[in-house]
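Every chain is numbered from 1 and lettered A, B, ... according to where its sequence line falls, protein lines coming before strand lines. The structure presented is a predicted model; accordingly, all values stated were derived computationally and were not measured.
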Amino acid sequence: MPATKGSAGKNGSKDSGRQGAGTALVIVESPAKAKTIAGYLGRGYVVESSIGHIRDMPNKAAEIPAKYKGEPWARLGVNVERDFEPLYVVNTDKKSHVRKLKELMAEADELLLATDEDREGEAIAWHLLEELKPKIPVRRMVFNEITKEAIQRAAHNTRDLNTRLVSAQETRRILDRLYGYEVSPVLWKKVMPKLSAGRVQSVATRLVVERERERMAFTPAEYWDVKALFEVVGADAADGPTAFPAALVAVDGTRVAVGRDFTSGGTVRSDRAVRQLDEAAARGLTERLEGADFSVSSVERKPYRRSPYAPFRTTTLQQEASRKLGLSAKQTMQVAQRLYENGYITYMRTDSTTLSESALGAARNQVRSLYGADYLPDKPRVYAKKVKNAQEAHEAIRPAGDTFRTPSQTGLSGPEKRLYELIWKRTVASQMKDAVGESVTVKLRGTSSAGETAEFNATGKVITFHGFLKAYVEGSDDPAADLDDRERRLPPVAEGDPLTVRSMEAEGHSTRPPARYTEASLVKELEEREIGRPSTYASIIGTILDREYVFKKGTALVPSFLAFAVVQLLERHFGNLVDYEFTARMEDVLDAIARGEAEGLPWLRRFYFGGEGSEGERETGLKELVSDNLSEIDPKEISSLPLPGTDIVLRVGRYGPYLDRDGTRVNVPDDLAPDELTKEKAEELFAQPSGDRELGTDPATGRTVVAKSGRFGPYVTEIIEEPEEGEGRKAKAVKPRTSSLLKSMSLDTVTLEDALKLLSLPRVVGELDGEEVTAQNGRFGPYLKKGTDSRSLETEEQMFTVTLEEAEKLFAQPKQRGRRTAAPPLRELGEDPATGAKMVIKDGRFGPYVTDGEVNASLRKGDEVEKITDERAAELLAERRAKAPAKKKAPAKKPAAKKTTAKKTTAKKTAAKKTAAAEKAPARKTGTPRSAED
DNA sequence: CAGTGAGCGAGCTTCCGCTTGACTT
């Protein structure tokens, strides 16, 4: 609806429109929010969203602007040599949106940056400012709740941008980038490509691994107790239950041990004066108590009171949706997002439990109408913030609006209705009265036939006023635990009342290892440790699942052996970074920066370049840890997990985990939980046929032919019997013949016939120039060999069919000619303005590339052979030239002692010794943080 | 994890936090 200009309200105060003729552009973070706010602000305002952050450091090489490509720090996106100046680019998916914002701004006469009032929101506002470069007046607009009054108030009570908060955010961002982009490559080199490390995900992974370690170290303890059903003598069944259960708690005044009295090692805790009953003791006691007289020795009554739970924030919603609806963190957020976008609930990514005034009113009205005034407290309930680093830019998660719709009024169905109902109930319950009642503990005593005094306990709970429990009861992760609304009524008994035993039974138990994390409990743990943010909890789980650091077994998160290797590496070589307190300490620093009491730069400098720690000790910087210290990380050691009490080592290989005992190896199934890898299980794996498949006997040799899966893929080989012990060493060890399967074969279907054919290789083709010519299969595929000379063959089949004449022709041709000359350029382009050389696009092993005859440059993602312009080709070539010159090697270092072989393994070890020139940062020129500019 | 013989255009992977559609399979 177009704004009617003119009568913008001279008397103004109540007018929802804006004074003056022009319009103000208001930018918020979320489109759904923009829609709502636009309605509240009315004419004179155009409300648009930024859709989150609009700029960030480049994600990957393709996003780095050409002018920075050659910089040594371009890979990081942070100029570590110049005060950690970040390089910001508009995210590719935001380019068109930023353009739109610019267009809208051109129409406006004022810009209101109304992003969230937290660290990230302030930074988004600053980035908008930097990117939009407004020439009109700019103000920062903030609000904590989205109601008409609050929004209109906020529009007229603007402030300046808080640059200190922006600095805190930028410091956080830089640290996360340095951590992630410096440590991940260490994992690529030492463990496996494409792995990742980060401040949040690595700690999350470590938590899961540590829990598994606890489970592995756990020794269960067995203990027994006695359960009995007692009956009140002479009670009237009409008054309610006359029998009730009780459990043995003490014998002769000594408490009987229960689960919590044991250590994880299976022994009784040293500080516990308890008696551990074994089966014989428990059964014996039960027998001796048969027919014994019992009486009530004490009755203790305590008032019971329970207050409602706070309204939902992201983590508690995820936990309850998991317990009650069986939703994963990601599913919960997806459903909640839909509810939010369609106006059913408030924002779902929040760490706040606060309800706005209007929400309080709505909740209280609903309590009154649905449950009656008796259930309504005199004053609204206020919940203290539970989360330490809460930024509270939003409300709690609650039904939207000034009046709450009941679930049936929404017309929703399926998971959306169920989640809405959960949120609605929890919100309403949070404004109801406490549940009150009484809890009772009854102690019973009897004497056994051997004169032992046995003491039993019975507990009961009676709720006299259900209060909020009428609306909502929180779920539990432990299926054995009693829920809050569970009542247990005991018959009315008094001290001295006689009781008879209706039944009595000894029960055996064993202590259980700590439970594995679930998605919800891991998120809860992370939140308590101040690690991660509401917008990221679900994706943290996604990341560690994607990297295969954990897998799900039911709802449990099980760490992989890969996670053990990665965590082991990080703990041993980057201990500080996976310290559980790392983030908490970082938050302290960031808070100090936000308060203006500290600067980010010195802190980043120490983190990256090292320096004096808080205790005056020298702290090694990240840069040194990932470069000079790299050679200290032994990949073999890192990937090895000794199995305690055995000489078996579990190793994490490129093709999955396997066990190694003195060179004998066996694969470990990918889905084996680490705590299930016991000594016995390991032996079982070794005893199993190793997946080799016997194909039959070679009639020529009598040897068994088997198909196996090896390092280089599937292959066939033959089994050669070991010579008998006394037969001496004179018989020279015979090497078994081996051969890789052809590409057309597979391990499952290969036949003895195939195998014999393969084992017949190398085939003698004939003789040329006095040398034998053979056809065989090798590392790079099929080839012909003549002495030290060789030529590749086109197909595997040729190994069996190639004739001497064909071989002679091949050897007559120069090497390497195979396909190069055969392949004409894919496209011809014009001349490179830089060199004047003609450019062509060719097809190569790694896909299409452009070359000028000297320099070659692969096409990048998004480049299409048909659409490459001369300019783009020249750009690619220029970039390639700017990179480390492949030809002339700088002789800065001492000459290499030996010729480096091309073997990858050695390259790995010698990698990363970089010249440490110019590492020292020059003294700062100015003391002003870059982001503090006005 | 089986063990033989080239010579070549590499380039990319990855972090945490804000936010949604627009894409293809």
Lys/Arg-Asp/Glu bridge criterion (N-O < 4.0 Å) met for A:Glu182, A:Arg75: yes
Heavy atoms from C-beta onward define the side chain here; which of B:dT20, B:dG17, B:dC1 lies closest to that of A:Arg665? B:dC1
For A:Ser196, report the nucleic acid contact type (base, sugar-phosphate, nothing); a contact means any heavy atom under 4.0 Å. sugar-phosphate
Figure out the CG/P separation between A:Leu741 and B:dA2, and round it to whole Å. 15 Å
Would you call A:Trp188 stacked on B:dT14, i.e. ring centres under 5.5 Å apart with the planes less than 30° off parallel? no
Touch class at under 4.0 angstrom, heavy-atom based, for A:Gln337 against every strand present: sugar-phosphate
Taking only the side-chain nitrogens and oxygens of A:Gln201, find out if one of them lies under 4.0 Å from OP1 or OP2 of B:dC15. yes
From B:dC1, B:dT20, B:dC18, nucleotide with atom closest to A:Ser535 side chain: B:dC18
Contact class for A:Asp56 (heavy atom, under 4.0 Å): base, sugar-phosphate, or nothing? base
Using a 4.0 Å heavy-atom cut-off across all strands, classify A:Arg119 as base, sugar-phosphate, or nothing. nothing
Scan A:Pro185 against the nucleic acid and name what it touches under 4.0 Å (heavy atoms): base, sugar-phosphate only, or nothing. base
Which part of the nucleic acid does A:Tyr340 contact within heavy-atom distance under 4.0 Å: base, sugar-phosphate only, or nothing? sugar-phosphate
Expressed as a whole number of angstroms, how long is the span from A:Tyr181:OH to B:dC12:C1'? 11 Å
Which nucleotide, B:dG17, B:dA10, B:dC15, lies nearest any side-chain atom of A:His53? B:dG17
Answer with base, sugar-phosphate or nothing: what part of the nucleic acid does A:Ser539 contact at a heavy-atom distance below 4.0 Å? nothing
For a quick test of reading the model: is some side-chain N or O of A:Ser30 closer than 4.0 Å to OP1 or OP2 of B:dC18? no
Exam field: side chain A:Ser790 to backbone A:Leu784, donor-acceptor pair closer than 3.5 Å: no
Rounded to the Å, how far apart are A:Ile541 CD1 and B:dC16 C1'? 15 Å
The side chain to side chain contact (heavy atoms under 4.5 Å, CB included) partner of A:Thr583 among A:Ile531, A:Leu526, A:Val203 is A:Ile531
Base of B:dC15, side chain of A:Asn59 - is there a donor-acceptor contact under 3.5 Å? yes
Between B:dC18 atom P and A:Asp118 atom CG, what is the distance in whole Å? 6 Å
Looking across every strand, which nucleic acid part, if any, lies under 4.0 Å from A:Tyr658 by heavy atom: base, sugar-phosphate, or nothing? nothing
Distance below 4.0 Å between A:Arg533 side-chain N/O and B:dC18 OP1 or OP2: yes
As a test of reading the structure: which of B:dT20, B:dG17, B:dC15 is closest to the side chain of A:Arg547, going by heavy atoms? B:dC15
Mind calculating the distance between CD (A:Gln776) and C1' (B:dG3) to the nearest angstrom? 12 Å
Among B:dA6, B:dG17, B:dG21, the one nearest A:Glu120 by side-chain distance: B:dG17
Identify which nucleotide among B:dA2, B:dC18, B:dC16 has an atom closest to any side-chain atom of A:Arg173, counting heavy atoms from C-beta outward. B:dC16
What's A:Ala32 touching, base or sugar-phosphate or nothing? Going by heavy atoms closer than 4.0 Å. nothing
So what does A:Leu195 touch, heavy atoms closer than 4.0 Å: a base, only the sugar-phosphate, or nothing? sugar-phosphate
Checking A:Arg737 side chain against A:Ser760 main chain: does a donor-acceptor pair fall under 3.5 Å? no
Ring geometry between A:Phe84 and A:Tyr608 (parallel below 30°, tilted from 30 to 60°, perpendicular above 60°): perpendicular
Lys/Arg N to Asp/Glu carboxylate O, A:Asp660 vs A:Lys636, below 4.0 Å: no
Categorize A:Lys785 for me: base, sugar-phosphate, or nothing, with a 4.0 angstrom heavy-atom threshold over every strand shown. sugar-phosphate
Which part of the nucleic acid does A:Gly52 contact within heavy-atom distance under 4.0 Å: base, sugar-phosphate only, or nothing? base
Given B:dT19, B:dT13, B:dT14, which nucleotide is nearest the side-chain atoms of A:Ser184? B:dT14
For the side chain of A:Lys94, counting heavy atoms from C-beta on, which of B:dT19, B:dC12, B:dG17 is nearest? B:dT19
Out of B:dT14, B:dT19, B:dG11, whichever nucleotide has its closest atom nearest the side chain of A:Arg349: B:dT19
Judged by each residue's nearest nucleotide on DNA chain B, which is more toward the 5′ side, A:Asp176 or A:Val716? A:Val716
Would you say the side-chain atoms of A:Arg140 pair up with the backbone N or O of A:Leu113, donor to acceptor, closer than 3.5 Å? yes
Report yes or no: is there a donor-acceptor pair, N or O only, under 3.5 Å between the side chain of A:Arg177 and the base of B:dC16? no
Which part of the nucleic acid, if any, lies within contact of A:Gly653, taking any heavy atom under 4.0 Å across all strands shown: a base, the sugar-phosphate backbone alone, or nothing? nothing
Any donor-acceptor N/O pair under 3.5 Å between B:dA2 base and A:Ser739 side chain: no
Give a yes/no answer on whether the side chain of A:Tyr347 brings an N or O atom under 4.0 Å of OP1 or OP2 in B:dT19. yes
Taking only side-chain nitrogens and oxygens of A:Ser50, does any of them come within less than 4.0 Å of OP1 or OP2 of B:dT19? no
Where the side chain of A:Ile124 is defined as all heavy atoms beyond and including C-beta, which of B:dC18, B:dT14, B:dC15 is the nearest nucleotide? B:dC18
Would you call A:Glu587 and A:Arg119 a salt bridge, taking side-chain N to carboxylate O under 4.0 Å as the test? yes
